[in-house]
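What follows is a single structure, written as C-alpha cells, with notes after it.
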There are 2 protein chains.
Amino acid sequence: MSRNPEEPVYNRIEEARTALGLSRQDLADKAGVHYQTIGYLEREEYSPSLVLALRIAKSLNQEVSQLFSLNPFKKGK
Amino acid sequence: MSRNPEEPVYNRIEEARTALGLSRQDLADKAGVHYQTIGYLEREEYSPSLVLALRIAKSLNQEVSQLFSLNPFKKGK
DNA sequence: ATGCTATGTAGCATTAATGCAACATAATGA
DNA sequence: TCATTATGTTGCATTAATGCTACATAGCAT
C-alpha cells in the first residue's frame, strides 16, 4: 500500500490486453484512465487503486485475482 | 479511483470479519495496517489500495471479488 | 520521405489513502 | 466502581496514484 512501498503487486495486464488485441489507449479508454497510467501499471512502476483494478479486470473480462497478485505469476499462464 | 471520487467501492469487510470472530484490531494486525484504516473501509469512507484489498482478502480467506465490488452487494450473502 | 500509431521517459500538480494521536462512548467483566 | 475492549470521530502529516504535457523512438503504411 502507500505506506508499504516495498510491497509490490504483480500483474498480467499486458498479457491480457494484447491477447484481446487492445492497445494501451484502448484499454485506458475502457477503464476511464489516462493511457500512460496503463503503461505505468504494466511496467509495475506502481500498483493501482482497487477501483482501477476492478475496472481493468472488467475491461479485460478477467477476475482481479487472475490479473493481480501479491506473488509473482508463474511463466506462461 | 483517486481522480474519480464519485465512484465508490462497496465491500463486505465487516460481514466477513465478524463471521470469523475478529475485531478490527485483529484484522488490522493480520493485514498490517492501522486499526482505524479498517474502520474507514468498513464505513466506506474511502476505498483501499489494491495491495491492501489483496491483503484483507487473504486475511479473511476470501476472493477480492467476494469482498469488494463496484456495484452494491445484495442483501444476505 | 512523410505521417501515424504505439510505446517509453521525465516532470509537475492534485488528491486520496494511510498512519497516528487524542478523545468520546458503550458494553462487559472483575 | 474501575478497567478493558471495541468502536466512532476529528484532525493533521506524508506519500503514492493519477492526470497531463511534452518529447523521443521505433515500426508500419502510404
Side-chain angles (χ1 to χ4, degrees), chain A residues 1-60 62 64-65 67-73, chain B residues 1-60 62 64-65 67-73:
Chain A
M1 80 207 70
S2 323
R3 267 37 201 350
N4 277 42
E6 346 83 55
E7 205 114 3
V9 177
Y10 303 92
N11 74 74
R12 283 175 155 166
I13 297 177
E14 183 166 26
E15 203 174 325
R17 173 177 62 80
T18 57
L20 293 179
L22 300 174
S23 69
R24 288 183 181 172
Q25 183 66 68
D26 293 334
L27 176 55
D29 290 343
K30 282 188 147 204
V33 293
H34 197 90
Y35 83 99
Q36 296 192 350
T37 296
I38 304 296
Y40 284 123
L41 296 180
E42 291 189 351
R43 283 175 246 123
E44 290 175 350
E45 293 189 20
Y46 56 62
S47 68
S49 66
L50 176 58
V51 184
L52 180 50
L54 289 170
R55 290 216 212 118
I56 289 176
K58 180 191 290 184
S59 300
L60 295 174
Q62 302 260 334
V64 169
S65 56
L67 279 178
F68 302 95
S69 171
L70 293 174
N71 305 305
F73 287 100
Chain B
M1 82 208 66
S2 323
R3 265 40 201 346
N4 277 43
E6 346 86 54
E7 206 116 3
V9 177
Y10 303 91
N11 74 74
R12 283 174 154 165
I13 297 177
E14 183 167 27
E15 203 173 325
R17 172 177 64 79
T18 57
L20 293 180
L22 300 175
S23 71
R24 288 183 182 172
Q25 182 66 69
D26 293 334
L27 177 54
D29 290 344
K30 281 188 148 203
V33 293
H34 198 88
Y35 83 100
Q36 297 191 349
T37 295
I38 304 296
Y40 284 122
L41 296 180
E42 291 189 352
R43 284 176 245 121
E44 290 174 351
E45 294 190 20
Y46 55 62
S47 69
S49 66
L50 176 59
V51 183
L52 180 50
L54 289 170
R55 291 215 212 118
I56 290 177
K58 180 191 290 183
S59 300
L60 295 175
Q62 303 260 334
V64 169
S65 55
L67 279 178
F68 302 95
S69 171
L70 293 175
N71 306 305
F73 287 100

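Since this is a predicted model, take the numbers as computed values, not measurements. We name chains A, B, ... by the order of the sequence lines, and we start the count at 1 in each one.
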query = Roughly how many Å is it from CG in Leu27(A) to P in dA6(C), rounded to a whole number?
reply = 13 Å
Spacing of Arg12(B) atom CZ and Phe68(B) atom CZ [to the nearest 0.5 Å] = 12.0 Å
query = For Leu67(A) and Ala57(A), which heavy atoms make the closest approach, and how far apart are they?
reply = CD1-CA, 3.5 Å
Where do N or O atoms of nucleotides 24-30 of chain C meet protein N or O atoms at under 3.5 Å, pair by pair?
none

Per Leu52(A) side chain, nearest of listed nucleotides dT18(C), dT9(C), dT18(D) = dT18(D)
inquiry  = From CG of Leu50(B) over to P of dT18(C), roughly how many Å is that when rounded to an integer?
reply    = 11 Å
Report all side-chain donor-acceptor pairs from residues 35-44 of chain B shorter than 3.5 Å, counting only partners two or more places apart or in another chain.
from	atom 1	to	atom 2	distance (Å)
Glu42(B)	OE1	Arg17(B)	NH2	3.1
Glu42(B)	OE1	Arg24(B)	NE	3.0
Glu42(B)	OE1	Arg24(B)	NH2	3.2
Glu42(B)	OE2	Arg17(B)	NE	2.5
Glu42(B)	OE2	Arg17(B)	NH2	3.2
Arg43(B)	NH1	Glu45(B)	OE2	3.0
Glu44(B)	OE2	Asn11(B)	N	2.9

task = Please report, rounded to the nearest Å, how far the P atom of dA17(D) is from the CD atom of Glu42(A).
result = 16 Å
query = Atom CD1 of Ile38(B) and atom P of dT7(D): how far apart are they, to the nearest Å?
reply = 11 Å
ask   = Distance check: side-chain N/O of Ser47(A) vs OP1/OP2 of dA16(D), anything under 4.0 Å?
value = no
message = Any side-chain N or O of Arg55(B) below 4.0 angstrom from OP1/OP2 of dT18(C)?
response = no
query = Looking at the side chain of Tyr46(A), which of dT7(C), dG19(D), dA17(D) is the nearest nucleotide?
reply = dA17(D)
task = Write down the distance between CD1 (Ile13(B)) and C1' (dA17(C)), rounded to a whole number of angstrom.
result = 13 Å
Just the atom pairs and distances: protein N or O near nucleotides 21-25 of chain D's N or O, under 3.5 Å.
from	atom 1	to	atom 2	distance (Å)
dT21(D)	O4	Gln36(A)	OE1	2.6
dT21(D)	O4	Gln36(A)	NE2	3.2
dA22(D)	N6	Gln36(A)	NE2	2.6

message = I want to check something: taking the side chain as every heavy atom from C-beta on, are Val64(B) and Ser65(A) in contact at a cut-off of under 4.5 Å?
response = no
query = Is there a side-chain contact between Leu27(A) and Ile13(A), using heavy atoms and a 4.5 Å cut-off?
reply = yes
query = What nucleotide among dA17(C), dT7(C), dT7(D) has an atom nearest to a side-chain atom of Ser23(A)?
reply = dT7(C)
inquiry  = Has Ser49(A) got a side-chain atom pairing as donor or acceptor with Leu52(A)'s backbone, closer than 3.5 angstrom?
reply    = yes
key: Between dT7(C) (P) and Gln25(A) (CD): distance, integer Å   = 10 Å
request  = Would you mind reporting whether Leu50(B) and Leu54(A) have side-chain heavy atoms less than 4.5 Å apart?
outcome  = no
query = Expressed in angstrom and rounded to an integer, what is the separation of Leu41(A) atom CG from dT7(C) atom C1'?
reply = 15 Å
key: Nearest-0.5 Å distance that lies between atom CG in Leu22(A) and atom NZ in Lys30(A)   = 5.5 Å
ask   = Got a donor-acceptor contact below 3.5 angstrom from the Ser23(A) side chain to the Asp26(A) backbone?
value = yes
ask   = Does a side-chain N or O from Arg43(A) land closer than 4.0 Å to OP1 or OP2 of dA10(C), or not?
value = no
ask   = With nearest nucleotides of DNA chain D determined for Thr37(A) and Leu22(B) from heavy-atom distances, which residue corresponds to the more 5′ nucleotide?
value = Leu22(B)
message = For a quick test of reading the model: is some side-chain N or O of Ser49(A) closer than 4.0 Å to OP1 or OP2 of dA16(C)?
response = no
ask   = Over how many whole Å does the gap from Glu44(A) atom CD to dA16(D) atom P extend?
value = 17 Å
query = Roughly how far, to the nearest 0.5 Å, is OH of Tyr10(A) from CG of Asn71(A)?
reply = 8.0 Å
